Amino acid sequence: MAILDILEFPDPLLRTIARPVEQVDESIRQLVADMLETMYHAEGIGLAATQVNVHKRVVVIDTSEDRNQPQVFINPRIKILNDATMEYQEGCLSVPGYYEKVERPSAIKIAALDTQGEKFILEPDGVLAVCIQHEIDHLNGKLFVDYISTLKRNRIKQKLQKERRLA
């Protein structure tokens, strides 16, 4: 396993739309293992392949308290189940140190493949539903900062660029 580099906003590669995984094989399982190690190392709860500059539709998530219940979603597709929404304070490994409230659908259904290529369906709620939507946004070239005002987004962008210059 390896710890991968995480792209940071405003890197234009984060806007790349990920391609479907054609076949769940050993290279995809290795990517999943590396993504999980990277996510845990960075103390995140979710990571999309796009964030590590691999533009395939792969997401890893672990919202458990003990950080021992990894979930893998390959070629995920979500369906919004109703009009109810919830607001959640979101952060992102690609936008380190910044958190903003984002409103998202509260009830979703997700269909995806697991690491064996088997299809499964879940109807998550709460933090897991938010995290899944956040990570699928990454696969579609979208970031949580796209949900906030242009002024806030530009401030975050400028601060991150300044921090990188000083590093």
Side-chain angles (χ1 to χ4, degrees), residues 1-2 4 6-7 9 11 13-95 99-148:
M1 293 195 299
L4 307 171
I6 298 173
L7 299 174
F9 176 69
D11 193 316
L13 292 170
L14 287 167
R15 301 301 185 174
T16 306
I17 296 174
R19 296 176 310 279
V21 171
E22 299 291 329
Q23 181 180 353
V24 179
D25 57 16
E26 196 51 46
S27 69
I28 295 299
R29 286 187 279 279
Q30 183 62 55
L31 172 63
V32 165
D34 291 346
M35 287 174 62
L36 284 167
E37 184 172 357
T38 302
M39 178 188 72
Y40 288 130
H41 181 263
E43 299 181 5
I45 62 170
L47 188 66
T50 301
Q51 292 176 272
V52 293
N53 203 23
V54 176
H55 304 287
K56 296 183 179 185
R57 298 191 73 79
V58 177
V59 166
V60 297
I61 293 174
D62 189 342
T63 58
S64 69
E65 238 177 83
D66 294 334
R67 317 285 291 129
N68 62 358
Q69 295 174 29
Q71 293 179 283
V72 177
F73 302 88
I74 300 169
N75 294 340
R77 294 183 325 278
I78 62 170
K79 178 180 179 184
I80 297 165
L81 298 179
N82 60 44
D83 293 336
T85 61
M86 65 183 283
E87 200 172 62
Y88 193 79
Q89 187 86 358
E90 292 189 29
C92 181
L93 295 175
S94 290
V95 189
Y99 301 86
E100 292 290 339
K101 287 185 180 176
V102 175
E103 191 170 334
R104 295 187 183 272
S106 61
I108 64 168
K109 182 184 234 179
I110 182 168
L113 301 176
D114 64 17
T115 55
Q116 300 309 309
E118 299 295 322
K119 183 178 178 179
F120 67 95
I121 296 173
L122 288 177
E123 287 189 26
D125 57 11
V127 174
L128 180 57
V130 168
C131 191
I132 287 169
Q133 292 174 77
H134 176 112
E135 300 307 332
I136 289 176
D137 273 354
H138 278 298
L139 300 180
N140 296 325
K142 192 169 187 175
L143 299 164
F144 87 95
V145 293
D146 296 340
Y147 291 94
I148 63 176

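Keep in mind that the numbers below use all heavy atoms, side chains included, and drop hydrogens, waters and symmetry copies. Given the structure is predicted, the values throughout are model-derived calculations rather than measurements. Along the sequence shown, the residues carry numbers beginning at 1.
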For [X] against [Y], the heavy-atom pair lying closest together:
X	Y	answer
D62	R67	O-NH1, 2.5 Å
F120	V72	CZ-O, 3.4 Å
A129	P124	CB-O, 3.7 Å
N82	A107	ND2-CB, 3.6 Å
T115	V24	O-CG1, 3.2 Å
Q69	S64	N-OG, 3.4 Å

- Message: Under the criterion side chain to side chain donor-acceptor pair (under 3.5 Å), I'd like the reasoning laid out for D25 against S27: C-alpha separation, chi angles, the key distance, then a yes or no.
- Response: CA-CA 6 Å; D25 57 16; S27 69; 2.7 Å; yes
Rounded to the nearest 0.5 Å, how far does [atom2] of [Y] lie from [atom1] of [X]?
X	Y	atom1	atom2	value
I6	M39	CD1	CE	10.0 Å
R29	I74	CZ	CD1	8.5 Å
I45	L93	CD1	CG	9.0 Å
I80	T85	CD1	OG1	10.5 Å
R57	T50	CZ	OG1	8.0 Å

Are any non-hydrogen side-chain atoms of [X] and [Y] less than 4.5 angstrom apart?
X	Y	answer
M35	T38	no
N75	K56	no
L4	L47	no
P76	E135	no
K109	I121	yes
I17	L139	no

- Query: Between S106 and D125, does a side-chain contact (heavy atoms from CB on, under 4.5 Å) hold up when you go through it step by step?
  - Reply: CA-CA 6 Å; S106 61; D125 57 11; over 6 Å; no
- Chi angles and distances behind the side-chain contact (heavy atoms from CB on, under 4.5 Å) call for L7, Q51: CA-CA 5 Å; L7 299 174; Q51 292 176 272; 5.6 Å; no
- Task: May I ask you to establish whether R104 and Y147 are in a cation-pi arrangement, using a distance under 6.0 Å from NZ or CZ to the six-membered ring centre and at most 45° from the ring axis?
- Result: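 Yes; both conditions hold, so R104 lies above the ring face of Y147.
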- Item | Any donor-acceptor N/O pair, E103 side chain to E87 backbone, under 3.5 Å |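 No, the answer is negative, given that no donor and acceptor are paired below the 3.5 Å cut-off.
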In this structure, are over 12 heavy atoms from other groups packed under 6.0 Å from [X] atom [atom1]?
X	atom1	value
Q89	CD	yes
E43	CD	no
R77	CZ	no
E26	CD	yes
D83	CG	no

- Message: I'd like to know whether D34 forms a side chain to side chain donor-acceptor pair (under 3.5 Å) with Q30, so could you lay out the CA-CA distance, the side-chain angles of the two residues, the decisive distance to 0.1 Å, and finally the verdict.
- Response: CA-CA 6 Å; D34 291 346; Q30 183 62 55; 2.9 Å; yes
- Task: Show the numbers, then the answer: is there a side-chain contact (heavy atoms from CB on, under 4.5 Å) between H138 and F144?
- Result: CA-CA 9 Å; H138 278 298; F144 87 95; over 6 Å; no
- Task: Take L128 and Q71 through the test side-chain contact (heavy atoms from CB on, under 4.5 Å) and record every step on the way to the result.
- Result: CA-CA 10 Å; L128 180 57; Q71 293 179 283; 3.4 Å; yes
- Can you spot which of T63, V59, I108 makes a side-chain contact (heavy atoms from CB on, under 4.5 Å) with I132?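 The passing option is I108.
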- Task: Mind checking side chain to side chain contact (heavy atoms under 4.5 Å, CB included) for E118 and listing every partner two or more places apart, or none if nothing turns up?
- Result: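 E118: side chain to side chain contact (heavy atoms under 4.5 Å, CB included) contacts with D114, Q116.
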